[in-house]
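Scroll down for the structure; my scribbles are underneath it.
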Amino acid sequence: MEIRVPVTHNFSFKRTALSHGWCELLPFEFEQEGWRLLRVIDLGAQRPVSVSITGAKQSLVLNVRQGLGKRAAAKVVQDVRHMLRLDEDLTEFYSAMSADDEFAWIERQGAGRLLRSPTVFEDVVKAITTTNCSWALTVKMVTGLVQSLGLEAADGRRSFPTPQAMAEAPLQFYTDVMRAGYRAPYFKELAERVACGELDVEGWLSSDLPTPALKREMKQVKGVGDYAADTLLRLIGRYDGLALDSWVRGKFARVRGRGRAATDEKIARYYSRFREWRGLALWCDMTRDWLEEEAAV
DNA sequence: GCGTCCAGGTCTACC
DNA sequence: GGTAGACCTGGACGC
């Protein structure tokens with residue numbers, strides 16, 4: 001079954017799919033040769049489905065190896081629109097970037113949309129797996145989690161586990177199977193709080209709280225500190241945080257500092273002119289070389 | 001083969 | 001509110 005989803009003129013599928021590391025974490029899979037993004041989408045009571053997403057002229061092409069009912073097809077399209085941020089209005093951001101010669105490439109290439117998960121819960125779990133470890137260990141942790149607790153689609157791939165499934169898993173699962181180390185109790189506690197309704201992380205998407213207050217709320221979750229909270233804020237569409245980590249500091253030194261390390265204050269000063277868009281401007285600046293200009297379109 | 005360092009940080013106790 | 005030290009894991013590196 002094929003579904004076509006129209007996109008706006010300034011949307012780049014390649015720049016969005018490859019916007020950060022999420023495309024490498026199950027239940028996402030990314031094939032750069034052929035530029036195909038795979039995603040297992042949860043359909044609630046029904047078995048999850050694997051969806052192949054490719055970019056075409058002014059549209060996305062979704063392929064599912066089975067027929068879908070009206071409601072299931074609508075859920076697939078809704079999740080894809082959310083993940084690739086098709087409904088996000090970046091007009092103001094592009095206007096700010098186009099006013100600066102060094103950042104004008106961002107609108108030309110349709111960059112600035114950061115791939116996210118269908119649920120905030122999944123993004124919180126993944127953000128915690130990125131802290132204080134190598135990327136290889138992040139991949140290992142997420143793979144173990146999805147392969148063990150996710151529901152199986154018809155092709156054998158698995159969906160991201162629900163808060164309920166994670167809450168029911170014993171603490172030993174997180175240490176022995178997921179290899180989460182000291183983070184193990186954080187995942188267990190997060191899943192339990194979300195599953196029982198005590199913590200509404202999905203509500204962060206539409207929260208009226210000012211960003212500093214929302215960030216404080218995010219940091220109430222064990223395992224979420226400054227970096228992880230800034231990452232999550234960016235994923236829900238608030239771009240004033242810089243989410244500085246060792247990778248960004250190193251990249252800034254290479255790209256903007258002629259190889260010399262800069263303090264966090266200096267990095268913040270550099271992007272301060274972009275005000276509420278500074279976090280997104282920084283991320284685009286740091287990832288510009290991930291894709292050649294001609295290849296981005 | 002073994003020890004050390006460190007990676008896309010955070011938590012807690014202490015001051 | 002600021003800071004030091006502990007914390008899991010696993011790959012890279014030096015010896």
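These numbers were taken from a predicted model, which means no experiment stands behind them. Reminder, nothing fancy here: chain letters follow the sequence lines and each chain counts from 1.
- Mapping Asn132(A) and Ala136(A) onto DNA chain C by nearest heavy atom places Asn132(A) closer to the 5' end of the strand.
- Across all strands shown, Arg183(A) has heavy atoms under 4.0 Å from base atoms, whether or not it also approaches the sugar-phosphate.
- For Tyr227(A) against dG8(B), a side-chain N or O and a base N or O form a donor-acceptor pair under 3.5 Å.
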Secondary structure of DNA chain B in dot-bracket form (Watson-Crick or G-U wobble, distances below 3.5 Å, | marking inter-strand pairs)
|||||||.|||||||
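- At a threshold of 4.0 Å, the pair Lys251(A)-Asp289(A) counts as salt-bridged, since one of the basic side-chain nitrogens sits closer than that to a carboxylate oxygen.
- Val224(A) comes within 4.0 angstrom of the backbone, heavy atoms only, and of no base.
- In summary, Asp123(A) and Arg116(A) do not engage in a salt bridge, as defined by a charged side-chain N under 4.0 Å from a carboxylate O.
- Side-chain contact between Val51(A) and Val49(A) is present, with heavy atoms from C-beta onward closer than 4.5 Å.
- Using a 4.0 Å heavy-atom cutoff across all strands shown, Ser134(A) reaches at least one base atom of the nucleic acid.
- Note on Val221(A): only backbone sugar-phosphate atoms sit closer than 4.0 angstrom, heavy atoms only; bases stay farther off.
- In this model, no donor atom of one side chain and acceptor atom of the other lie less than 3.5 Å apart for Ser50(A) and Arg157(A).
- Residues Phe28(A) and Met83(A) meet the side-chain proximity criterion, which asks for heavy atoms closer than 4.5 Å.
- Taking every side-chain heavy atom of Tyr182(A) into account, dC8(C) is the closest of dT9(C), dC8(C), dG8(B).
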For Lys215(A) and Glu217(A), what are the C-alpha separation, side-chain angles and deciding distance, and is it a salt bridge (Lys or Arg N to Asp or Glu O under 4.0 Å)?
CA-CA 5 Å; Lys215(A) 183 172 176 177; Glu217(A) 190 174 314; over 6 Å; no
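- Residue Ala228(A) is classed as a sugar-phosphate contact, given heavy-atom separations below 4.0 Å to backbone atoms only.
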